[in-house]
There are 2 protein chains.
Amino acid sequence: MNIDNLNWKILKCLQQNARMSSAAIGRQIGITSPAVSERIKKMEDAEIIQGYTTFVSPFEAGYQLKALITLRAFMGMLKPFLEKVKTYDEVVNCYRITGNENIVMEVVLKNQKHLESFIDQLISYGETKTQIVLSHVVKHSEIKPLK
Amino acid sequence: MNIDNLNWKILKCLQQNARMSSAAIGRQIGITSPAVSERIKKMEDAEIIQGYTTFVSPFEAGYQLKALITLRAFMGMLKPFLEKVKTYDEVVNCYRITGNENIVMEVVLKNQKHLESFIDQLISYGETKTQIVLSHVVKHSEIKPLK
DNA sequence: AGTGAAAGTGATATACG
DNA sequence: CGTATATCACTTTCACT
């Protein structure tokens with residue numbers, strides 16, 4: 001399925017505010033709300049739109065630390081880790097990557113003690129490297145059309 | 001502002017589907033829709049809720065490669081980079097981190113050629129390390145209450 | 001802080017260019 | 001693929017608790 005100009009305008013609106021009504025989107029781009037709703041539904045069915053989420057402030061939720069943790073899995077420990085990682089509340093994102101290191105995780109933590117106990121849970125799976133996040137410079141910037 | 005049990009239930013719904021109506025949330029958690037709307041507005045004002053977004057498939061949008069790029073900025077080049085990075089369409093996330101390396105970016109790219117030209121744009125700011133993302137194992141998992 | 005009711009607005013289905 | 005209309009659902013406001 002192709003993403004035409006109108007759909008890109010809809011995606012721009014929805015990426016900026018997923019709770020925007022079809023009517024409001026329609027007013028901005030110059031079509032009626034049923035037309036917007038139909039286009040959204042088709043993009044959902046085609047999995048161009050993969051879902052809608054809410055950004056909850058980790059800080060306000062009590063997570064005062066953010067870190068990137070890189071894991072170099074021990075022999076035979078990557079597969080068990082890929083299952084286990086889904087169960088950790090601390091892991092917001094987890095990427096499997098090429099190279100000597102296998103995994104990069106974005107994690108949220110209460111404090112240094114929590115970081116320590118979290119890393120302790122990882123040591124059976126492999127060697128870890130921890131980088132504390134000082135600031136989230138670009139946050140989920142929107143996907144734009146290729147030039 | 002505190003996040004009580006009811007607000008956590010609302011946040012759970014909204015993190016799973018930001019387009020869920022207040023009425024539908026109310027039915028699930030046992031309060032009326034005006035009560036839900038009011039709680040949502042208060043969490044927005046308190047910046048517990050930082051926004052609502054839509055996941056657009058980078059693949060469907062023509063970005064067939066995802067990578068993590070680490071930057072070790074040259075002396076005096078970090079600040080200019082922190083401004084410049086906001087203008088790159090390829091950068092979905094950018095973190096400033098502790099350690100010898102200053103920056104980790106999650107980037108989406110059309111193909112290897114695009115990766116090459118993107119890295120070329122970075123070399124004036126510092127040394128880069130590129131890790132291709134094989135799979136996004138955990139994708140924006142929801143923020144949950146601390147135990 | 002939550003309910004219930006009224007008014008306005010939005011969503012959805014259908015018929016039609 | 002879009003509009004127009006009608007019906008139903010949702011949101012918002014407000015008086016009340």
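Here is how names work: the chains are called A, B, and so on, in the same order as the sequence lines, proteins then strands, and each is numbered from 1. Side chains included, hydrogens not; waters and symmetry mates left out as well; all remaining heavy atoms used.
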Which residues share a salt bridge (charged side-chain N to carboxylate O under 4.0 Å, His left out) with [X], sequence neighbours left out:
X       : value
K139(B) : none
E106(A) : K66(A)
E142(B) : none
D89(B)  : K144(A), K147(A)

> By the rule that ILVMFWY residues connect when side-chain heavy atoms come within less than 4.5 angstrom, directly or transitively, which residues belong alongside F59(A)?
Replying inline: none

> Using a side-chain heavy atom cutoff under 4.5 Å and only I, L, V, M, F, W and Y, what cluster partners does L68(B) have?
Replying inline: Y95(A), I97(A), V104(A), V133(B)

>> Angle between ring planes, Y63(A) versus H114(A), binned at 30° and 60°: parallel, tilted or perpendicular?
In response: tilted

> 5' to 3' on DNA chain D, which nucleotides open and close the contacts with chain A (atom under 4.0 Å from a heavy atom)?
Replying inline: dC1(D) to dT3(D)

>> Quick check on contacts: within residues 6-18 of chain B, what sits under 4.0 Å from DNA chain C by heavy-atom distance?
In response: L6(B)

> Pairs in or reaching into residues 2-12 of chain B: which pass side-chain hydrogen bond (donor to acceptor under 3.5 Å, both in side chains), with residues at least two apart or in two chains?
Replying inline: D4(B)-R39(B), N7(B)-R39(B)

>> The criterion is side-chain hydrogen bond (donor to acceptor under 3.5 Å, both in side chains); which residues satisfy it with Y52(A), sequence neighbours excluded?
In response: E44(A)

>> Can you build the contact string for nucleotides 4-17 of chain C? Use B for base contact, S for sugar-phosphate-only contact, and - for no protein heavy atom under 4.0 Å.
In response: BB----SSBB----

> If you write DNA chain D from 5' to 3' in dot-bracket form, with Watson-Crick or G-U pairs under 3.5 Å, [ ] for crossing pairs and | for pairs with another strand, what do you get?
Replying inline: .||||||||||||||||

